[in-house]
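Positions are given from 1, in the same order as the sequence printed here.
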Amino acid sequence: MTILATSCHITSGNLVLLLRKREGLFGGGKWDPPGGKIKLGESPEECVVREISEETGLKITDPDGRGVLHYYKDDQRETPDWTVYLFVAQRFRGTPSESREGTLRWFRTDELPLEEMWEDYRYWYRHLLDGRKLEGGFYFSGNFEKLREHWLKVL
């Protein structure tokens, strides 16, 4: 069964807020935009507002849906393991504060720690931050260890 989730790029000028996941969590040690799993009966928009509040302490308003990415592991082709709805939020209230999920840090959009992020990120993040909508599929070997192939539609 596919896990449905959200991911939100919170931006302020030429900065984007990333979260370094705590070791022991899925994606532990990697920098990633905050977000999380969609609960039963929750829309992606409701989820992203809730998850951002839980993981950063920020209250986002008007999250802008920018598309969806599908992730496959173990060379599976038919049903994605994860489907992630992408958002950008430029309006928020509050001050970022760490949570049990990990450490927060603002990065310049042209100086992201790509070597410490999921491998697929380098193929799509620039389009998203440039205001485009996306749809893509990323196929990993093993338990998301190595990206094998991908497809990406920039809308």
Side-chain angles (χ1 to χ4, degrees), residues 1-12 15-107 112-113 116-121 123-125 127-129 131-140 142-145 147 150-155:
M1 182 158 79
T2 301
I3 298 168
L4 303 177
T6 61
S7 177
C8 187
H9 289 72
I10 301 167
T11 62
S12 179
L15 300 175
V16 63
L17 186 64
L18 297 179
L19 176 108
R20 185 178 202 130
K21 287 282 194 170
R22 289 200 195 289
E23 294 295 335
L25 298 177
F26 180 70
K30 294 186 184 301
W31 287 102
D32 208 15
K37 295 178 187 173
I38 298 173
K39 292 182 178 181
L40 186 62
E42 191 175 46
S43 72
E45 292 78 12
E46 292 167 331
C47 174
V48 76
V49 170
R50 176 184 55 76
E51 285 286 346
I52 295 308
S53 178
E54 291 173 3
E55 293 187 359
T56 70
L58 297 175
K59 305 293 183 210
I60 61 172
T61 55
D62 301 322
D64 181 15
R66 295 280 176 90
V68 63
L69 300 176
H70 307 282
Y71 294 93
Y72 304 81
K73 69 178 183 180
D74 294 326
D75 297 322
Q76 173 131 339
R77 296 285 173 184
E78 306 204 4
T79 304
D81 285 274
W82 289 81
T83 291
V84 178
Y85 295 87
L86 301 173
F87 291 89
V88 171
Q90 297 174 330
R91 296 183 4 199
F92 56 87
R93 294 187 320 269
T95 302
S97 58
E98 293 183 15
S99 70
R100 68 183 194 284
E101 292 291 320
T103 304
L104 297 167
R105 181 172 156 202
W106 291 100
F107 288 90
L112 298 181
E116 299 175 63
M117 300 176 81
W118 290 102
E119 195 176 351
D120 65 287
Y121 202 77
Y123 294 99
W124 58 265
Y125 86 93
H127 299 296
L128 179 117
L129 293 177
R132 296 181 183 96
K133 295 194 183 276
L134 311 169
E135 183 178 1
F138 295 87
Y139 302 87
F140 287 82
N143 192 22
F144 299 104
E145 283 103 21
L147 182 63
H150 73 281
W151 62 269
L152 183 66
K153 286 196 285 189
V154 181
L155 312 170

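Under 4.0 Å is where a charged nitrogen must lie from a carboxylate oxygen, and between E46 and R50 no such pair does.
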May I have the step-by-step check of side-chain contact (heavy atoms from CB on, under 4.5 Å) for W118 and F138, ending in yes or no? CA-CA 11 Å; W118 290 102; F138 295 87; over 6 Å; no
Take R91 and D64, measure what side-chain contact (heavy atoms from CB on, under 4.5 Å) needs, and give me the verdict at the end. CA-CA 10 Å; R91 296 183 4 199; D64 181 15; over 6 Å; no
Report the C-alpha distance between Q76 and Y139 in whole Å, list the side-chain angles of each, state the deciding distance to 0.1 Å, and finish with yes or no for side-chain contact (heavy atoms from CB on, under 4.5 Å). CA-CA 8 Å; Q76 173 131 339; Y139 302 87; over 6 Å; no
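Ring geometry for W31 against F107 counts as perpendicular: the plane angle is over 60°, on a 0 to 90° scale with 30° as the lower cut.
Each of E101, E116, E98 was scored for a salt bridge (Lys or Arg N to Asp or Glu O under 4.0 Å) with K21, with one residue passing: E101.
Taking 4.5 Å as the limit, every side-chain heavy atom of I52 sits out of range of all side-chain heavy atoms of F87. When side chains are defined from C-beta on, L112 counts as touching Y121, because their heavy atoms get closer than 4.5 Å. Proximity of V84 to Y71: side-chain heavy atoms (C-beta onward) are separated by under 4.5 Å at one or more points.
Remark: R77 fails to qualify as a cation-pi partner of Y72 under the 6.0 Å distance and 45° angle criteria applied to the six-membered ring.
Aromatic ring centroids of W82 and F140 lie 6.0 Å or more apart.
Remark: side-chain polar atoms of R22 are paired, donor with acceptor, to backbone N or O of R100 under 3.5 angstrom.
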